[in-house]
Amino acid sequence: MVHTQPSRRRRRLTTLGAALTIGLASIVAPPTGAVAAAEPSALPSGNTAYRTLADYENDMATLAADYPTLVKPLELPYKTTSGRTVRGIEISRNVQLNDGKPVFVNVAMHHGNEWPSGELTMEFAIDLVKNAKDPYVANLLDRARLVVVPVVNVDGFVRNRRQTDTNTDMNRNYGMGWLPISTGGVAPWSEPETKNMEWLLSTRQATVFNTQHTCIRVVLYPPLQLAAGPAQDTERLHRLASAVAAQYGPTYNALPSAEDYETTGEAIDWAYYATRGLSITTETCPNPGVARNYQTQVLDTYATHRKAMFEAVETTADQSEHAIIEGKAPKDAVLRITKSFDMYTSPYAQPGGGVRPTSFTTTLTSELDIVNPNGKFQWAVNPSYRPVPAYQADGVRGNQTGFYTEPWILTCERPDGTVLQTTPVNVDLGKRVEVDFKECKRKFNGNGPK
């Protein structure tokens, strides 16, 4: 069992956070009890009741319209079973530029009846945007990008149910380690909502991924099963989870998900083993007896949630928690990194007979636009060294300690997609590598590929 360590950033966060224009004291919720509808609350939005789906969509659209240099709308590619669109926003300084900052992906409501999770996630997004001129927040938005999806399971939320419209618990439907349990879906990745999350994390270099839930007091990290053994980056995962949990208070724990209870097919397992980004499940629940009470679960929780999420953003921006590719490329060129690899479910009874895992291919691909006139860039990426998961072609092989040496395949391209140079790049956690784009510069400034 890993011992809890104090956050390396806590003192810095506390010192800088004291300078916030809004001030922590001003966002502490009013005393428990009914909130008068005529009086705005102390939340960044001033809300006094739970949002509808239209409210979420309107709030995100308004932020994007009112703050176009800070907020960009995001539409995920897969419609839900009922034909609805899943929406989010991206938040950063000069957000319209694809500039290679490290990314914090923050999502909520994998389970459609966990209303407080969506509220807390949306309020933090509004908070950052409204306080973007504060020196502390401005510094974070200069160094990191946030991707926010407050309602992942839109159909479930509209119907006030945990599962999707196909009666699948989408947080049991992710491919790695998947099993055909009663709510796991008919196949790994069978749900459009799960495919949306796969797409989102496969196209962003997410240093940190948080999926927000209710209603227990814990911050969880991989693995999901005891037989898998500890993750290779357990120390890093535990440090982040402990820092987040500590902000909620002494009753919150940080531990491997398998030590809370064992499951299969959850988002954080696939996300960590596919990308090596730090992946956590954050569960808030100040009072389990009133899991839907807006006062208790949202108003009374937001001040601590705010500090917890600042821990996650600080970790995202920390250069020791990702890798960096740098160099000089032609202005207006597009850089792309890609890798593909097979991953496996748990072994299960196959329709044609026998018990074995099923394989699926994960493809990671991200882009960077060269916008500086001198062509210089720094691209924060996840390490090319991917942790070996316990789930293999021949079954579960726990207690893995190694990493796959899988280089990023880096291409330098014209805006129309013409590839001018291809280079394999290996870069480890906390390291940086400089790439020579001499060939790309020669071809880009000439009349075409030569």
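- Without hydrogens or angle criteria, Asn210 side chain to Ser279 main chain gives no donor-acceptor distance under 3.5 Å.
- For the side-chain contact (heavy atoms from CB on, under 4.5 Å) criterion with Met170, the lone passing option out of Asn196, Val152, Thr183 is Val152.
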Trace of the salt bridge (charged side-chain N to carboxylate O under 4.0 Å, His left out) decision for Arg276 with Asp428: CA-CA 11 Å; Arg276 205 179 169 186; Asp428 208 347; 3.1 Å; yes

Please test Tyr348 against Thr358 for side chain to side chain contact (heavy atoms under 4.5 Å, CB included), starting from the C-alpha separation and ending with a verdict. CA-CA 8 Å; Tyr348 64 96; Thr358 297; 2.7 Å; yes

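- Between the side chain of Asn173 and the backbone N or O of Gly184 there is at least one donor-acceptor pair closer than 3.5 Å.
- Taking a cutoff of 4.0 Å between a charged side-chain nitrogen and a carboxylate oxygen, Asp165 and Arg159 qualify as a salt bridge.
- One N or O on the side chain of Asn58 and one on the backbone of Ala54 form a donor-acceptor pair closer than 3.5 Å.
- Leu53 is listed as a side-chain neighbour of Val158, based on a closest heavy-atom distance under 4.5 Å.
- Side chain of Glu262 to main chain of Glu259: no donor-acceptor pair is present (N/O by atom type, distance under 3.5 Å, no hydrogens or angles).
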Could you go through Tyr50 and Tyr294, starting from their C-alpha distance and side-chain angles, then the distance that decides it, and tell me whether this counts as ring pair (Phe, Tyr, Trp, His ring centres under 6.0 Å)? CA-CA 7 Å; Tyr50 283 108; Tyr294 192 81; 5.0 Å; yes

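- For Lys339 and Trp408, the positive end sits near the middle of the six-membered ring, less than 6.0 Å away and at most 45° from its axis.
- Under the 4.5 Å side-chain criterion, counting only non-hydrogen atoms from C-beta, Val219 is not in contact with Glu283.
- Here the side chains of Thr121 and Val151 are not in contact, with every heavy-atom distance at 4.5 Å or above.
- Ring geometry for His305 against Tyr248 counts as tilted: the plane angle lies between 30° and 60°, on a 0 to 90° scale.
- Of the options Thr194, Thr211, Asn153, a side chain to side chain donor-acceptor pair (under 3.5 Å) to His110 is made by Thr211 and by none of the others.
- Salt-bridge check for Glu114 with Arg162: passed, with a basic side-chain N closer than 4.0 Å to an acidic carboxylate O.
- In this structure, Arg292 is positioned above the aromatic face of Trp115, its NZ or CZ under 6.0 Å from the six-membered ring centre and within 45° of the axis.
- Ion pairing between Arg239 and Glu321 holds under the 4.0 Å rule for side-chain N and carboxylate O.
- Contact annotation: the side chain of Glu39 never approaches that of Thr48 to less than 4.5 Å [non-hydrogen atoms, C-beta and beyond].
- A distance below 6.0 Å separates the ring centres of Phe124 and Phe310.
- By the 6.0 Å and 45° rule, Arg386 does not stack over the aromatic ring of Tyr273.
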Kindly indicate, with the supporting measurements, whether the criterion salt bridge (charged side-chain N to carboxylate O under 4.0 Å, His left out) is fulfilled by Lys307 and Glu311. CA-CA 7 Å; Lys307 292 187 288 184; Glu311 289 280 4; over 6 Å; no

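- Judged by distance alone, with hydrogens and angles left aside, the side-chain atoms of Gln378 form no donor-acceptor pair with the main-chain N or O of Ile325 at under 3.5 Å.
- Distance alone, capped at 3.5 Å, is enough to place a donor-acceptor pair between the Arg217 side chain and the Pro286 backbone.
- A salt bridge links Asp99 with Arg145; the closest basic N to acidic carboxylate O contact falls under 4.0 Å.
- Between Tyr78 and Trp199, the gap from one ring centroid to the other reaches at least 6.0 Å.
- Arg143 has a carboxylate O that lies under 4.0 Å from a charged side-chain N of Glu314, or vice versa, which qualifies the two as a salt bridge.
- Remark: Arg432 is not positioned above the aromatic ring of Trp379, lacking an NZ or CZ atom under 6.0 angstrom from the ring centre and at most 45 degrees off the axis.
- Panel note: side chain Asn293, backbone Thr296; a donor-acceptor pair is recorded below 3.5 Å.
- With contacts defined as side-chain heavy-atom distances shorter than 4.5 Å, the pair Tyr391/Asp269 qualifies.
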